[in-house]
Each structure stands twice: as C-alpha cells, then as structure tokens.
Asks: 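Sending over a structure as structure tokens; questions will come in a sec.
Note that the coordinates shown come from a computational prediction; the quantities given were computed from them, not determined experimentally.
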Amino acid sequence: MKVFFFLLHLLLLSLLLCEVVSPLRDIAQSSCSSSKLHENYHHQITNSSGMHFTLHHPRNPCSPASLHHLPFSDVLHHDKLRVSGLTSRLTTKHHHIHHRANNLAANNPSLVSVPLSPGSSLGVGNYITMIGLGTPSSSYAMVVDTGSSLTWLQCSPCRVSCHEQSGPVFNPSSSATYRSIPCSATECSGLQSATLNPSACSTSNVCIYEASYGDSSFSVGYLSKDTLTVSSSLFTSFIYGCGQDNEGLFGKSAGLIGLAKDKLSLLSQLAPKFGNAFSYCLPTKSSTGFLSIGSYDPSHLVFTPLVKSSLDNSLYFLKLSTIKVAGKPLSVPTSSSYSDTPTIIDSGTVITRLPTDVYTALSSAVSDALSKYPSESPYSILDTCFKGSAASVVAPEVVFVFEGGAEWKLGTKNVLIDVDGGKTCLAFAPAGRVAIIGNRQQQTFKVVYDIGSSKLGFASGACG
C-alpha cells in the first residue's frame, strides 16, 4: 500500500514538473451553495480598522461550501484524524531527502519525490468564508484554518485532479495580475516552514508547493501571486498556492485560508496594512459569524498570554491553569495535571481535548451534576452521554481558567453536543500529548488573537 501511494505521488509530481496540460473536469455545484456565493461575498466590508468577512458553520445547509449531509460520526472521525495530525506535527521530527535541486538540474523528476509530512485534517470542522481573487476579481468559498499557514485554492487546468467545489475553479489565465513565483524567490524557500514540506521546482523554474494534512488530504501546485480583493479594497502581490492536484475531504470549498503565524499566512501578509491581529466569532449551524483582520475593540474582553513553544512557532499556545464545574475547581491528582501537557487553541478541531486526568475529573463532575438525566452509551470518541439534547439538558457551568486568571465561561451548548438518536454528549475527549481548545467551546464567543501583543482575548455573545 505504501508503494502504491509513493508511486501515485511520484506520478502527480512528474506531471507538475513537466507541466503537462490536461482538460479541466466539470465541477458540480450545490444549488444552495451557488446561490449564496456572490451574496455572501458582497456582505464583506473593509474599512480603516481592518478587513471583515462573514463566517459560516461547515454544517449550515446554506454555507457556501456546506457539509450538512455528512454524518456526525464522520465529522468525529475526521476530527480524530486532525488531532492525530496536529499531535504528530508537534511531537515528531520529520526527515526529508534533500535531493531536489540537483535532480531538477539533471531534469530527472523520478528522483525528486519525497514523503509528505502530515499537517492537520482539513475541511470538516473548519468554518467557511469568501475571498475575491484575480483581475477582474471572482469570488471563492474557502475554509479558514488557524492550524495552517499557506493559503491555496484550486486552479484550472487541474493538471492532475480537482475535488468538487461550489462555483467555478479559478483560472489564472483569466487574471491580468496573476504571476507565478520563481524557484529562486524567498517565498519559495519559505514553504518548508509554512507547509512542513520542502518546495520543488518545475522545468520552467516555477516554485511547487506541497501541503498535506492528517486525513491524507493534500494540495500540490504552483506558488503564485495575484490581487486579493475584499469589497472595494485591493491587496496586490498576495502570495498563495495555485493547486493542480487537490485530493481529500475539503467539502465544496475552493481551498484554504491559512491564519497561523508563519510569514506566508494571510495574517502576516496583511499585518503591515491592518495590524498584527485577527478576531472571529464562530457561529452555530443556524447563524453566521465573522472574521476580522486588524485592530479590534478591547472592551468586554478578558486576556491571557499567548505563550511560545519550542514544539511549533506557528500555532497558538496557551496555559490552562484549572477548570471549574459549578464554581468548584476539578479534583485532579497533581497541580501539574494541566501544565505537563501543552495546550493550543484551534479553529478547525471540533471537540476539545484535555489531559487525561483533567478529562476524567471533568467527566465525573458533569456526570454527577446531570445525574437526574438517563445516561447513554458512548458515541464515537465521546464517552459521557445522556438522553436528550443540549437544548433540554441543563449542564453545569464549566469555566476554563487561563494564566493570569482569565476565565472563559461555557454555557450548556458549549459543554454538550447533540449526536444521533436523541442523545447529547460531553463535547470533550481525552488528549494524547497535546491538549486542544476546540471550536465547539469557542462557538458564539469573540476570540481575538493579538499577535503583536502576544495575547488572546475572548468575550461571550458575539454571534448566534
């Protein structure tokens, strides 16, 4: 099986390196998604304080790239893969074979392929927004990911493969401002940190990126430059990947917006104009939220430091000090139960992962508080379940307490999550070697990533 995937990857790289053109497949469109594409894009606004996008829940039926038909058990399966990919990324050193330059100089693509390093699973838990790209500008549905750096989208002629997406595939030849990035450019050498994979080079000296994810999804294509449009504002020389082989579960999105801290991320490229910060409110399935790049209103926000970690410079690490249930701190074996496991906050992980001792104590405390509700059997990765729904079961208040005393107070709909068959479960699971604050707990909160001041802020009630 490994030989098969190696040969498959070898074939796709050979096609890109030789730049063999194949016809673009017809991409099917969802009637609901396609009807919302341009409408949602025009709801974005730009002003002197920043750039603002509308965010959609991935399982909202009228999201521009909806996954509402995907069974929730599949969502949890891919959430598990995402967490596995993030854990591998943080705890495994990847060793690559650096023969690219010499082999390309010898025009021998058969020796160029190297194993792809897994990133996070993509497109199931990630929220959706719209961007405009090219001249003239066209709009595209994109997933938003704080766990990734490089922005990319599918491009015709899809030399190898394109997945189904809502709306047309971006055509570089139709944009008067499109440019490919040469292999000698600093942005090309920066792909190693942005994607965890080294760059490659085509026979015509175009830089090739390889972005891969923990669920075996990947995108391979040409590093490119074009004009990014938001409302009436233009951002020239925006660096992104123009995908020619895009395979895996991406919903019906055109690609990904990377919001991690690497210099190739959307945030880093726009920070000189708007400021080195972004904020969002992740909505429920029945509402919309927002993503804003740039300055923010600090009123009503509480802050905790963003901490540095030698494990990864691009992800967002926090220090979780304790968790309280119904006003009482959890009873954990030692004070190091929290600190022994690094903690990140992530927009694309659905279910929060906690250190095993902490999770066990949380599960026990919530079960005790909900003892009047009949218990149910476990569901996938969720092992603390009750008969009913998050709307009918009144959960105790759960509070995250972070370094500096900042308290994040969770309501019932952030604590429980409904699954199949009239069952609701505790929306937490045990962590492996990395704890993760997931998006179920973040829903309806304003969350501010102030990279310039190295702090994270949050406040309740910012969206539905």
Side-chain angles (χ1 to χ4, degrees), residues 43-45 47-57 125-127 129 144-147 259 261 267 271 274-307 315-327 343-352 354 390 395-417 427-428 435-464:
H43 282 158
Q44 299 172 8
I45 58 171
N47 56 38
S48 59
S49 65
M51 180 199 311
H52 309 282
F53 305 87
T54 300
L55 279 184
H56 303 267
H57 192 286
N126 299 79
Y127 282 71
T129 193
V144 175
D145 190 15
T146 59
L259 285 174
K261 289 187 287 186
L267 174 66
F274 290 126
N276 201 10
F278 70 93
S279 58
Y280 58 61
C281 183
L282 305 180
T284 63
K285 289 187 290 185
S286 60
S287 185
T288 58
F290 63 83
L291 165 69
S292 296
I293 307 292
S295 59
Y296 59 90
D297 180 0
S299 61
H300 308 298
L301 294 169
V302 292
F303 291 93
T304 187
L306 287 169
V307 298
L315 298 179
Y316 299 100
F317 287 85
L318 308 168
K319 284 188 178 180
L320 182 61
S321 300
T322 190
I323 294 177
K324 296 189 291 187
V325 175
T343 301
I344 65 170
I345 183 170
D346 180 46
S347 67
T349 297
V350 178
I351 302 299
T352 286
L354 296 174
E397 184 181 67
V398 175
V399 179
F400 294 146
V401 183
F402 293 100
E403 182 181 26
E407 294 192 348
W408 191 324
K409 299 177 181 179
L410 305 177
T412 293
K413 291 184 179 180
N414 301 110
V415 174
L416 301 176
I417 191 165
F428 296 79
I436 305 172
I437 307 300
N439 63 36
R440 178 67 178 189
Q441 284 62 45
Q442 298 178 54
Q443 280 184 8
T444 73
F445 285 83
K446 180 178 182 179
V447 184
V448 174
Y449 295 70
D450 189 334
I451 314 307
S453 299
S454 296
K455 61 184 181 181
L456 182 126
F458 42 88
S460 63
C463 62

Asks: Going by heavy atoms in the side chains, are E407 and V302 under 4.5 Å from each other?
Replies: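 No, every pair of side-chain atoms sits at 4.5 Å or beyond.
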Asks: Does the ring center of Y449 lie less than 6.0 Å from the ring center of Y280?
Replies: yes
Asks: If I take atom OG1 from residue T349 and atom CD1 from residue I436, how far apart are they, to the nearest 0.5 angstrom?
Replies: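 Taking OG1 in T349 and CD1 in I436, the distance rounds to 4.0 Å.
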Asks: Below 30° counts as parallel, above 60° as perpendicular, anything between as tilted: where do the rings of F303 and Y296 land?
Replies: tilted
Asks: Could you walk me through whether Y127 and H57 pass the ring pair (Phe, Tyr, Trp, His ring centres under 6.0 Å) test, one step at a time?
Replies: CA-CA 5 Å; Y127 282 71; H57 192 286; 5.2 Å; yes
Asks: Between T343 and A435, is there a donor-acceptor pair closer than 3.5 Å when you use the side chain of the first and the backbone of the second?
Replies: no
Asks: In the structure I gave you, are the side-chain heavy atoms of L320 and L354 within less than 4.5 Å of one another anywhere?
Replies: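 Side-chain contact under 4.5 Å: yes.
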Asks: Between N439 and L282, is there a donor-acceptor pair closer than 3.5 Å when you use the side chain of the first and the backbone of the second?
Replies: no
Asks: For the residue pair W408 and F400, categorise the inter-ring angle as parallel (less than 30°), tilted (30 to 60°) or perpendicular (more than 60°).
Replies: perpendicular
Asks: Flag the pair S460 / T444 as yes when at least one side-chain heavy-atom distance between them is below 4.5 Å, and no otherwise.
Replies: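 Side-chain contact under 4.5 Å: no.
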Asks: Can a donor-acceptor pair be found, under 3.5 Å and without considering hydrogens, that links the side chain of T304 to the backbone of E403?
Replies: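 The answer is yes, because a donor-acceptor pair under 3.5 Å joins these two groups.
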Asks: Rounded to the nearest 0.5 Å, how far does CG of L301 lie from CZ of F445?
Replies: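 Going from CZ on F445 over to CG on L301, the span is 12.0 Å.
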Asks: Of all the heavy-atom pairs spanning A277 and D450, show the shortest one and how long it is.
Replies: CB-CA, 3.9 Å
Asks: Could you walk me through whether N126 and V144 pass the side chain to side chain contact (heavy atoms under 4.5 Å, CB included) test, one step at a time?
Replies: CA-CA 6 Å; N126 299 79; V144 175; 6.0 Å; no
Asks: Treating Q441 as the side-chain partner and A427 as the backbone partner, does any N or O pair qualify as donor plus acceptor under 3.5 Å?
Replies: yes
Asks: Walk me through it: do V448 and L456 pass the test side chain to side chain contact (heavy atoms under 4.5 Å, CB included)?
Replies: CA-CA 6 Å; V448 174; L456 182 126; over 6 Å; no
Asks: Hey, can you pull the donor-acceptor pairs under 3.5 Å for the side chains in residues 283-294, sequence neighbours left out?
Replies:
{"residue": "T284", "atom": "OG1", "partner": "S286", "partner atom": "OG", "Å": "3.3"}
{"residue": "S292", "atom": "OG", "partner": "H52", "partner atom": "ND1", "Å": "2.6"}

Asks: Kindly give the heavy-atom pair with the smallest separation between L416 and R440, and that separation in Å.
Replies: O-NH2, 2.8 Å
Asks: Do Q442 and I345 have side chains that approach each other closer than 4.5 Å (heavy atoms only, starting at C-beta)?
Replies: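 With C-beta onward as the side chain, the pair touches.
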Asks: Just by distance, no angles: are the side chains of T146 and D346 close enough, under 3.5 Å, to form a donor-acceptor pair?
Replies: yes
Asks: If you round to the nearest 0.5 Å, how far is CZ of F402 from OG1 of T322?
Replies: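 If we round to the nearest 0.5 Å, T322:OG1 and F402:CZ are 11.0 Å apart.
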Asks: Going by heavy atoms in the side chains, are L259 and F278 under 4.5 Å from each other?
Replies: yes
Asks: Give, for atom NZ of K446 and atom SG of C281, the distance between the pair rounded to the nearest 0.5 Å.
Replies: 9.5 Å
Asks: Roughly how far, to the nearest 0.5 Å, is the CG atom of N414 from the CD atom of Q443?
Replies: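 Q443 CD to N414 CG: 7.0 Å, rounded to 0.5 Å.
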